[in-house]
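Okay, structure first, notes after.
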Amino acid sequence: MAQISLTFPDGNKRDFASGVTAADVAASISTSLAKKAISAQVDGKHFDLQWPINADAQIAINTMADEAPALELIRHDLAHIMARAVQKLWPDVKVTIGPVIQNGWYYDFDRAEPFTPEDLGAIEKEMKAIINARDPVKTEVWDRSRAIAHYIAKNEPFKVELIEAIPGDEPLRMYWHGHWQDLCRGPHLQNTGQVPADAFKLMSVAGAYWRGDSANKQLQRIYGVAFKNRDDLKAYITMLEEAAKRDHRKLGKEMELFHLQEEAPGMVFWHPNGWTIYRALEDYMRRRLRIANYKEIKTPQVVDRVLWERSGHWEAYRENMFIVEVDEEGAKEKRINALKPMNCPCHVQVYNQGLKSYRDLPLRLAEFGSCHRYESSGSMHGLMRVRGFTQDDAHIFCTEDQIEAECAGFITLLSSIYSDLGFAKFDIKLSTRPEVRIGTDEQWDKVEGALTGAIEHLGLPYEINPGDGAFYGPKLDFKLTDAIGREWQCGTFQVDAQLPARLGAEYVGEDGAKHMPYMLHRAILGSFERFIGILIENYAGKLPFWLAPRQVVVASIVSDADAYVGEIVAALRAKGIRAEADTRNEKINYKVREHSVGKVPVLLAIGQKEVEERSVSVRRLGDTRTETLPFAQIVADLVAEATPPDLR
RNA sequence: GCCGGUUUAGCUCAGCUGGUAGAGCAACGGUUUUGUAAACCGAAGGUCGGGGGUUCGAGUCCCUCAACCGGCACCA
């Protein structure tokens, strides 16, 4: 038999017979390694211990101490164990696919009856029994026809469809967990007992379309999470609870920021506290845009369908638009208008007023544009996905040669704004030309080159999403990372050669002829509603002082202090600080608790002592210590602290 | 839009297999003048999401609509 040479992580090489398995290799090293081995990395690929190795390769044996492969195997085996448990409990359930995902796995089933939460308990119990049985895991390679015949015989139509969709004549791999068989590319553990029985949990049932297509049958998906040990599972569940505590919907209620109600789904009712955040953010953005030489405009919300027909939205976006029909006086037919879902067509109308010269370009038109989109009922989510929202929108009209500089200027602005708002890290994704597109390849080369040139010039890393651009131009997406590691796509920069053409935008060039400008769609926050939701969750409600809706509460300890409390509040308000008095007949403990829960950053407690020495006792949110400061000093300190970052 | 779940007092939630609704907090009225995360007492508060049905009787069972929650699909 042919020999192959395997290279170990320490650089040592050894020869083995071709077809040797990683299990054999581990056993040849030591019995303890053979026991501990769970899989191997063979030339970087994750290999099952049972798979034959047929060529020279780098090899490293994995044990449970190797976090990534261990978790992948545990989760993947659990997917199979769960499917086996489900088919044991309900033999007529059809199986489909069950991949590993972040923190766990899911498996999609076809079953007439819905799975209930009680079913999940029963499945978990059955899974534990399978794990405790320590059933061996076996694997074989089958040819397609055998596999198809097998699944036809077993009446598993989804598996048949799956195999038929696998291209070519590739042989297929089968796995057995005990007697239970599943088509799977592997790798897997060696027996079900290697899965920790106390470190997984079935989380939820949800509908999911077969192969992700809403035209297909809807299956039932069961989600599970799994870790290497019970403590990790516990930590994960604690993390989920912590994340739930920063849910902006919950905090929005507790902090009296906003509400939503049935009569206006997806439309925000901002309360005084929430609107204060909104205004602070808007004022900040307005200053930043003005300094970056944007011109702010305001355009109509209700616009005749004629304009939407011209812009192409009526054809492409109609089902997402709120339509307004009006009986005009004397008119034979109803006039049909739409609430604008986007600002771009209106901005072109502003651009088109008066003949533009190349000297006017780049022209940056900004609007805090109030838009409405009829989002599908199942997609709405607090402030994150709404039907009525306001974009920090702007369109830059420029020549092709100006795109790169505009792009660089935009990224610089975005980066500075994210940093001011507390987001140090963001990623850039470039979406390039799709298959179906307008414009010549030379144009695309130039425009894509302008975007990459801008990013590279700034020395920033970026990822490419090939073919994911719009048909009218490439785009950049900007994703920021929040305090608990979640990513949010907020900023966008899109090059558009289509809308200016459709709506007849032009300028007179140096050559005296008319040319079409490019239009750059761009946003930094995305929508104010969503961004405020992100801010609330990022800060867990403890917003930075300049954004906090109620910055200071001045609380009396005794009623004799009320007059002095009033004096302090008046002094702070005179300096623009959002201060409130709390002179209710309550103990200071009660007031401290209430305003801590309400996320007020600074509490000034005033008792007899403070009245006498004209001082204040300062307590900051999240800190149990207090500090006594003179009246004049606290006013000066808080004024400095309340200054927005761009004005410091 | 689809699958599943939920909807009871201002808020958070109880209410078993159908017999006519309950707690804590808040708000209100008193008492208390208080020193850094919930003082005490009292009275009050609900067409049980909307509509329809079954039943002698519905918060509870059925149908339907809506909103919300978890996913899926969507997010040119």
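Reminder, nothing fancy here: chain letters follow the sequence lines and each chain counts from 1.
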Reckon [X] touches a base, only the sugar-phosphate, or nothing at all at heavy-atom distances under 4.0 Å?
| X | result |
| --- | --- |
| A/Tyr106 | nothing |
| A/Tyr223 | sugar-phosphate |
| A/Tyr209 | base |
| A/Gly212 | sugar-phosphate |
| A/Ala206 | base |

Taking the same atom, [atom1], in [N] and in [M], what whole-Å distance lies between them?
| N | M | atom1 | value |
| --- | --- | --- | --- |
| B/C62 | B/U55 | P | 16 Å |
| B/C3 | B/C74 | C1' | 16 Å |
| B/A44 | B/G22 | C1' | 15 Å |
| B/A9 | B/A21 | C1' | 11 Å |
| B/A23 | B/U8 | C1' | 13 Å |
| B/G59 | B/G19 | P | 10 Å |

Answer yes or no: does a side-chain N or O of A/Ser377 lie under 4.0 Å from OP1 or OP2 of B/G1?
yes
Does B/C68 have its OP1 or OP2 closer than 4.0 Å to a side-chain nitrogen or oxygen of A/His381?
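So the side-chain polar atoms of A/His381 never come under 4.0 Å of the phosphate oxygens OP1 or OP2 of B/C68.
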What stems involve RNA chain B, if each pair must be Watson-Crick or G-U and both of its distances must be under 3.5 Å, with 3 or more such pairs in a row?
B:1-7 with B:66-72, B:10-13 with B:22-25, B:28-31 with B:39-42, B:49-53 with B:61-65
Nearest-neighbour nucleotide for the [X] side chain, [options] considered:
| X | options | answer |
| --- | --- | --- |
| A/Arg385 | B/A66, B/G1, B/C75 | B/C75 |
| A/Arg373 | B/C75, B/G4, B/C3 | B/C75 |
| A/Pro265 | B/U12, B/A37, B/C68 | B/C68 |
| A/Met380 | B/A37, B/A66, B/C68 | B/C68 |
| A/Tyr590 | B/C72, B/C11, B/A27 | B/A27 |

Whole angstrom is fine here: how far is it from [atom1] in [X] over to [atom2] in [N]?
| X | N | atom1 | atom2 | result |
| --- | --- | --- | --- | --- |
| A/Lys429 | B/C75 | NZ | P | 14 Å |
| A/Asn216 | B/C72 | CG | P | 16 Å |
| A/Gln220 | B/A73 | CD | C1' | 17 Å |
| A/Lys250 | B/G70 | NZ | P | 14 Å |
| A/Leu219 | B/C2 | CG | P | 17 Å |
| A/Ile101 | B/G71 | CD1 | P | 10 Å |
| A/Leu251 | B/U12 | CG | P | 13 Å |

Does A/Arg305 make a cation-pi contact with A/Trp308, if we ask for NZ or CZ under 6.0 Å from the ring centre and within 45° of the axis?
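No, A/Arg305 and A/Trp308 do not form such a contact.
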Answer yes or no on whether A/Arg111 is positioned over the face of A/Phe115, meaning its NZ or CZ is under 6.0 Å from the six-membered ring centre and within 45° of the axis.
yes
So [X] and [Y], would you call those rings parallel, tilted or perpendicular, with 30° and 60° as cut-offs?
| X | Y | value |
| --- | --- | --- |
| A/Trp270 | A/Trp275 | tilted |
| A/His395 | A/His521 | perpendicular |
| A/Phe410 | A/Phe493 | tilted |
| A/Phe109 | A/Tyr107 | parallel |

Pairwise N/O distances under 3.5 Å, protein to nucleotides 33-36 of chain B:
| unit_1 | atom_1 | unit_2 | atom_2 | d |
| --- | --- | --- | --- | --- |
| B/U33 | O2 | A/Ser559 | N | 2.8 |
| B/U33 | O2 | A/Ser559 | OG | 3.3 |
| B/U33 | N3 | A/Ser559 | OG | 3.0 |
| B/U34 | O4 | A/Asn585 | OD1 | 2.4 |
| B/G35 | O6 | A/Gln608 | N | 2.9 |
| B/G35 | O6 | A/Lys609 | N | 3.0 |
| B/G35 | N1 | A/Glu610 | OE1 | 2.8 |
| B/G35 | N1 | A/Glu610 | OE2 | 3.4 |
| B/G35 | N2 | A/Glu610 | OE1 | 3.2 |
| B/G35 | N2 | A/Glu610 | OE2 | 2.3 |
| B/U36 | O3' | A/Arg619 | NH1 | 3.1 |
| B/U36 | O2' | A/Arg619 | NH1 | 2.3 |
| B/U36 | N3 | A/Ser617 | OG | 3.3 |
| B/U36 | O4 | A/Ser617 | OG | 2.1 |

Is it the case that the side chains of A/Tyr223 and A/Arg221 hold a donor-acceptor pair, with the cut-off being a distance below 3.5 Å and no angle test?
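Side chains of A/Arg221 and A/Tyr223: pair found under 3.5 Å.
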Taking donor-acceptor contacts at under 3.5 Å, does the side chain of [X] reach the base of [N]?
| X | N | result |
| --- | --- | --- |
| A/Arg249 | B/C68 | no |
| A/Gln218 | B/C2 | yes |
| A/Ser376 | B/A73 | yes |

Flag yes if more than 12 heavy atoms outside A/Glu263 fall under 6.0 Å of its CD atom; otherwise flag no.
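It does: A/Glu263 CD has more than 12 such atoms within range.
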So for atom CD, which belongs to A/Glu254, do other residues, nucleotides or ligands contribute more than 12 heavy atoms lying within a distance under 6.0 Å?
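Yes - once you tally the heavy atoms of other residues, nucleotides and ligands closer than 6.0 Å, there are more than 12.
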Run the salt bridge (charged side-chain N to carboxylate O under 4.0 Å, His left out) test against A/Lys94 and tell me which residues pass, sequence neighbours left out.
none
Determine, using ring centers only, whether A/Phe423 and A/Phe478 are less than 6.0 Å apart.
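Centroid distance A/Phe478-A/Phe423: not below 6.0 Å, so no.
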